[in-house]
Amino acid sequence: MSDRIGQTGNQGEKTVRERVEQMQQMTLADFTQELSGNAPVPGGGGTAALCGALAASLSSMVASLTVGKKKYEAVREDMNALIRDAGRLREEFLNLIDEDAEAFKPLAAAYRLPQGTEEEKAARRHVMEQALRHAAESPLRILEKTRETLTLVRTAARKGSVIAVSDAGCSAAILEAAARSAALNVTVNTRLMEDKEAAGCLERRAQEILAECQKESENIYLSVSSFLQQSQ
């Protein structure tokens with residue numbers, strides 16, 4: 001994403017300023033239209049957050065289809081808790097779409113700072129460093145929320161209605177994509193940071209969470225797939 005800002009120059013800065021407001025309020029048609037252009041936002045980070053919101057919604061759907069069924073009365077409280085938590089996470093993911101876009105405002109501004117003198121170059125490096133770190137922290141939060149959502153999906157897959165178990169598997173698959181995408185959006189910023197210790201800390205944290213998400217999502221997906229094949 002930081003590369004797209006540099007490439008779009010003044011147009012990119014204008015786009016960040018004009019299009020970042022309440023991105024989550026866009027229709028899907030509008031969001032995908034914006035995504036298909038050359039503007040720096042929305043991009044991979046916002047898309048990862050949208051995937052998280054979709055996956056949280058799917059896990060809630062599984063629970064909603066389970067609640068009220070006599071066969072699943074024993075897990076009613078678990079399903080109601082899942083619905084509440086999934087609703088919270090869905091909102092948090094949607095907020096992260098806007099947050100991810102907001103994080104690129106200072107980065108876009110940093111690219112436009114003058115660098116004609118040594119003092120200006122030093123000032124620009126300082127501002128750029130702070131902006132890059134801030135831009136890396138947003139997708140890291142998306143990763144954290146993705147990991148949290150996977151705990152709900154695991155519950156949905158294990159305890160939810162079998163008629164919706166495939167949706168739990170879909171949710172797990174979507175969350176793996178969200179995690180991979182968010183991790184890439186951490187790296188695209190940390191690789192440009194001059195403070196390699198701080199960059200390494202952010203990168204290691206991202207890779208640790210990504211590994212956890214990949215393992216959990218694969219376990220859920222394979223479990224659901226195996227169940228469906230055995231049910232044929």
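Bear in mind that the values here come from a model prediction, so they are computed numbers and not experimental data. Residues take their numbers from the sequence shown, with the count starting at 1.
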Checklist line | Residue list, side-chain hydrogen bond (donor to acceptor under 3.5 Å, both in side chains) with E203, at least two apart or on another chain | finding: T187, T190, Q207

Notebook entry, point to check: How long is the gap from CG on D78 to OG1 on T155, to the nearest 0.5 Å?
Noted result: 7.0 Å

Check: Passes side-chain contact (heavy atoms from CB on, under 4.5 Å), N189 versus L107? Steps please.
Finding: CA-CA 10 Å; N189 292 291; L107 190 56; 3.9 Å; yes

Note to self: Would the distance check show the side chain of S226 and the main-chain N or O of S223 forming a donor-acceptor pair, the cut-off being under 3.5 Å?
What the structure shows: no

Note to self: Distance check, rounded to the nearest 0.5 Å: L210 atom CG versus S217 atom OG?
What the structure shows: 9.0 Å

Next item on the list: Would you check if the side chain of D98 reaches a backbone N or O of L94 as a donor-acceptor pair within less than 3.5 Å?
Entry: no

Next item on the list: Grab the two heavy atoms, one from L140 and one from V186, that are nearest each other, plus how far apart they are.
Entry: N-CG2, 3.7 Å

Checklist line | Closest non-hydrogen atom pair, A136 against L202 | finding: CB-CD1, 4.2 Å

Note to self: Could you measure the distance from the NZ atom of K159 to the CE atom of M79? Nearest 0.5 Å is fine.
What the structure shows: 6.5 Å

Margin query: If you define the side chain from C-beta out and look only at heavy atoms, does anything of S181 sit under 4.5 Å from T47?
Written below: no

Check: Is it true that atom CD of E91 has more than 12 heavy atoms of other residues, nucleotides or ligands lying nearer than 6.0 Å?
Finding: yes

Notebook entry, point to check: Can you check whether R88 reaches E92 side chain to side chain, under 4.5 Å on heavy atoms?
Noted result: yes

Check: What distance separates I174 CD1 from L50 CG, expressed to the nearest 0.5 Å?
Finding: 9.5 Å

Next item on the list: Kindly work out whether a path of hydrophobic side-chain contacts (I/L/V/M/F/W/Y, heavy atoms less than 4.5 Å apart) joins F104 to F93.
Entry: no

Next item on the list: To the nearest 0.5 Å, tell me how far E118 CD sits from Q115 CD.
Entry: 10.5 Å

Checklist line | Residues forming a side-chain hydrogen bond (donor to acceptor under 3.5 Å, both in side chains) with D85, sequence neighbours excluded | finding: none

Item checked: Partner set under side-chain contact (heavy atoms from CB on, under 4.5 Å) for E73, not counting sequence neighbours -> R76

Next item on the list: Would you mind telling me which of V62, L89, L58 makes a side-chain contact (heavy atoms from CB on, under 4.5 Å) with L152?
Entry: L89

Checklist line | Common cluster, M61/Y72, ILVMFWY with side-chain heavy-atom separation under 4.5 Å | finding: no

Check: Going through the checks in order, is the salt bridge (charged side-chain N to carboxylate O under 4.0 Å, His left out) test met by R125 and E120?
Finding: CA-CA 9 Å; R125 284 198 301 272; E120 288 175 339; over 6 Å; no

Notebook entry, point to check: Do R180 and E176 meet the salt-bridge criterion of a basic N to acidic O distance under 4.0 Å?
Noted result: yes

Check: Is it true that a side-chain atom of S138 and a backbone atom of A135 form a donor plus acceptor pair closer than 3.5 Å?
Finding: no

Margin query: Going by side-chain hydrogen bond (donor to acceptor under 3.5 Å, both in side chains), name the residues that satisfy it together with Q229, two or more places apart in sequence or in a different chain.
Written below: S225

Margin query: Taking G46's backbone N and O only, do any of them form a donor-acceptor pair with D100's side chain (distance below 3.5 Å, no angle check)?
Written below: yes

Notebook entry, point to check: So, for M193 and A198, which heavy atoms are closest and what is the spacing to 0.1 Å?
Noted result: CE-CB, 4.0 Å

Check: Does a salt bridge link R147 with E144, judged by any charged N lying under 4.0 Å from a carboxylate O?
Finding: no

Note to self: According to a hydrophobic-cluster definition based on side-chain heavy atoms being under 4.5 Å apart (Ile, Leu, Val, Met, Phe, Trp, Tyr only), do I142 and I209 belong together?
What the structure shows: no

Check: What is the minimum heavy-atom distance between T66 and S161, and which atoms define it?
Finding: OG1-N, 2.8 Å

Margin query: Looking at every heavy atom in both C213 and A179, which two are closest together, and how far apart are they?
Written below: CB-CB, 3.7 Å

Check: With ILVMFWY side chains joined below 4.5 Å, transitively, what does L222's cluster contain besides itself?
Finding: Y221

Check: Checking S171 side chain against A55 main chain: does a donor-acceptor pair fall under 3.5 Å?
Finding: yes

Next item on the list: With sequence neighbours left out, write down each residue that passes side-chain contact (heavy atoms from CB on, under 4.5 Å) with S60, or none if nothing qualifies.
Entry: S64, I83, A86

Next item on the list: Examine distances only and state if a side-chain atom of S57 and a backbone atom of A53 form a donor-acceptor pair shorter than 3.5 Å.
Entry: yes

Check: Does T149 use its side chain to pair, donor to acceptor, with the backbone of A56 at less than 3.5 Å?
Finding: no

Next item on the list: Considering non-hydrogen atoms only, spot the tightest contact between L143 and A182 and give its length.
Entry: CG-CB, 3.8 Å

Next item on the list: Before accepting this row, confirm whether a basic side-chain N of the pair R133/E129 lies closer than 4.0 Å to the acidic partner's carboxylate O.
Entry: no

Notebook entry, point to check: Under 4.5 Å between side-chain heavy atoms, hopping through other hydrophobics if needed: is there a path connecting L54 to L96?
Noted result: no

Notebook entry, point to check: Within the distance-only criterion (no hydrogens, no angle test), does the side chain of N219 pair as donor or acceptor with the backbone N or O of K215 below 3.5 angstrom?
Noted result: yes

Item checked: Short side-chain to backbone donor-acceptor contact, K105 and A101, under 3.5 Å -> no

